[in-house]
Every structure is written in structure tokens, then in C-alpha cells.
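Just below is one structure, and these are the notes that go with it.
Computed from a predicted model, the values in this text were never measured in an experiment.
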Amino acid sequence: YFSRFNFNWQQKYFISASVRADGSSRFGANNRWGVFPAVSGAWRISQENFLRDNNVISELKLKASWGIRGNQNIGNFASRALISPGANYLQRAGLAPSQLGNPNLTWEEREDIDVGIELGLFKDRIVLQVDAYQGTTNELLLSRPLVGASGYTGISENIGSVENKGIDIGLNTTNVTTKNFLWSTNFNLSFFQNTVVKL
């Protein structure tokens, strides 16, 4: 299920919100559904009266967003208790348990927060974009190792948390524009840090 709302007031104020609910048979019978909301907004300051007739600043926008998304990239039967054939006892053919089931296995969730600014100067001949972000992945889909004497090597569970944060800076310039020649430059700079919060 998916729903979305968009709002735009005079090309100055922007709001977007969405909610989606996803179900997947890859997960345990107790937790097959995940709900993932998101919201974003922007203020285009350059459209305000006090900046509209400005000859220097052609674009100035503040923006922010928050959202949660889900990940189901696991095997089709990771949550199921499985039985497999083989020569299990005295080399005799038979069936034996091969995988532990987990009826509580559920969606891995990624929460993202982003704030940024866009600045255009001299009819966008110079455009600067700066974004700061932080993302946290919770309920990591991992195989937890088990003692081999138990008869199993692992079980699929939601364990662990990872955090990513950083700053992205982009600078685009149009240096020379003529009828037969165009010279533009693009610069990108990123600072980021990845941290295992819990495992």
C-alpha cells in the first residue's frame, strides 16, 4: 500500500509526505509487514520579494528530509525451518533438519535525515550545493553463528545497527559561454564516517 501528498505554494514552499506498507513472505509469519513513512520540505528563499529582483543571487533554497525505508534482500526461505535429504546416519539416505526457522524475522530498516542548501549566483553561472546527512540502519539482517555441535551453523536474525554520516559539497561553474565554445567545471567533495553501533 502506498500514499503520497505533495504541496507547492507559489514555487516558494514545498512539502512532500508519503507512507508505504510492504508485506513480504520472505519474513516470519509474525512480522511480514513493515510501515515506512517519509517527509521532506524546502523553502525557496530566492522567490521571496526581498530577493526576487536580486542581480547576484539567482537561486537560494533550504531543504530537509526524513524517512525510513526497508530492506528484504535475503533468501526466499531464510525464515523457514528446512529439512534436507542426504546420507545422514551410517551413510543411509534420509531426511534431517538443515536450517532453524525464525518466525520473528522481519524488515531491516534504514532511517535517513538530510539537510541542505542550494545557492546559485549570477544566473546560475555558479551553483553551490551542500548536504549534511545521517543514516542509521537498524535490525540488520544477518546470520548469527551457532555452535556447530547444535547441528546448525547459524540462524537468520535481526541483529546489529550501523550509522553513516557525512557532508557532500558540490560546486558547478560555467566559466565561458560563446556560440561555439562552452567551458564548465564540476567539483565534488565528501566527508563521511561509517560506524558499527551494535553487533
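Summarising the geometry, atom CH2 belonging to Trp107 is positioned 9.5 Å from atom CD1 belonging to Ile74; distances are rounded to the nearest 0.5 Å. Of the inter-residue distances, the one linking Arg69 atom CZ with Thr137 atom OG1 reads 7.5 Å to the nearest 0.5 angstrom. Rounded to the nearest 0.5 Å, atoms CG (Asn175) and OG1 (Thr185) are 4.5 Å apart. Distance check: Phe187 CZ to Ile169 CD1 gives 13.0 Å after rounding to the nearest 0.5 Å. Between atom CZ of residue Arg44 and atom NZ of residue Lys61 there is a gap of 6.0 Å, rounded to the nearest 0.5 Å. Put simply, CG on Asn188 and CG on Asn172 are 7.0 Å apart, with the number rounded to the nearest 0.5 Å.
Under the 3.5 Å distance criterion, the side-chain polar atoms of Thr174 are left unmatched by any main-chain donor or acceptor of Ser184. For Glu108 (side chain) and Leu141 (main-chain N/O), a donor-acceptor pair under 3.5 Å exists by modelled atom type. Although no hydrogens or angles enter the test, the distance criterion places a donor-acceptor pair under 3.5 Å between the side chain of Ser46 and the main chain of Leu60. With hydrogens and angles disregarded, no donor-acceptor distance shorter than 3.5 Å links the side chain of Gln72 to the backbone of Asp22.
Residues Phe77 and Ile83 do not share a hydrophobic cluster, clusters being chains of Ile/Leu/Val/Met/Phe/Trp/Tyr side chains in contact below 4.5 Å. Residues Phe36 and Val162 do not share a hydrophobic cluster, clusters being chains of Ile/Leu/Val/Met/Phe/Trp/Tyr side chains in contact below 4.5 Å. Placement of Leu128 and Leu121 within a single hydrophobic cluster is found when ILVMFWY residues are connected by side-chain heavy-atom separations under 4.5 Å, directly or transitively. Cluster annotation: Phe122 is connected to Ile117 through the hydrophobic network of ILVMFWY side chains, with a link wherever side-chain heavy atoms come within less than 4.5 Å.
Listed by first then second residue, pairs satisfying salt bridge (Lys or Arg N to Asp or Glu O under 4.0 Å) with a partner in residues 169-183 number zero, not counting sequence neighbours. The list of side chain to side chain donor-acceptor pair (under 3.5 Å) pairs with a residue in residues 27-37, not counting sequence neighbours, reads Asn30-Asn104. Identified under the salt bridge (Lys or Arg N to Asp or Glu O under 4.0 Å) test for residues 123-142, with sequence neighbours left out: Lys63-Asp131.
By the 4.5 Å heavy-atom criterion applied to side chains, Thr177 and Leu182 are counted as neighbours. Proximity of Glu163 to Lys165: side-chain heavy atoms (C-beta onward) are separated by under 4.5 Å at one or more points. Residues Glu111 and Gln134 fail the side-chain proximity criterion, which asks for heavy atoms closer than 4.5 Å. Side-chain atoms of Ile126 and Leu171, non-hydrogen and from C-beta on, do get closer than 4.5 Å to each other. Here the side chains of Ile167 and Val130 are in contact, with some heavy-atom distance below 4.5 Å. Within the 4.5 Å cutoff, no side-chain heavy atoms of Ile57 are placed close to those of Ile45.
The two atoms that bring Arg80 and Ser25 nearest to each other are NH2-O, 4.0 Å, heavy atoms only. The minimum heavy-atom distance linking Ser40 with Ser65 is given by the pair CB-CB, 3.6 Å. Smallest separation of non-hydrogen atoms from Ser84 and Ser98: OG-OG, 2.7 Å. Taking every heavy atom of both residues into account, Thr106 and Phe27 meet most closely at O-CE2, 3.2 Å. Taking each heavy atom of Ile159 and Arg144 in turn, the nearest pair found is CD1-CB, 4.0 Å. Of all the heavy atoms in Asn102 and Ser156, the pair that sits closest is ND2-O, 2.8 Å.
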Please report, to 0.1 Å, the donor-acceptor pairs under 3.5 Å made by any side chain of residues 192-199, with sequence neighbours excluded.
| from | atom 1 | to | atom 2 | distance (Å) |
| --- | --- | --- | --- | --- |
| Asn194 | OD1 | Asn164 | ND2 | 2.7 |

Counting only pairs under 3.5 Å, give me each side-chain donor-acceptor contact of residues 1-16, with atom names and distances, residues two or more places apart or in other chains.
| from | atom 1 | to | atom 2 | distance (Å) |
| --- | --- | --- | --- | --- |
| Ser3 | OG | Val19 | O | 3.4 |
| Asn6 | OD1 | Ser16 | OG | 2.9 |
| Asn8 | OD1 | Gln11 | N | 3.1 |
| Tyr13 | OH | Glu48 | OE2 | 2.7 |

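Grouping Ile, Leu, Val, Met, Phe, Trp and Tyr by side-chain contacts under 4.5 Å, direct or through others, puts Leu100 with Leu146, Tyr152, Ile155.
Between the side chains of Ser161 and Asn138, at least one donor N or O sits under 3.5 Å from an acceptor N or O.
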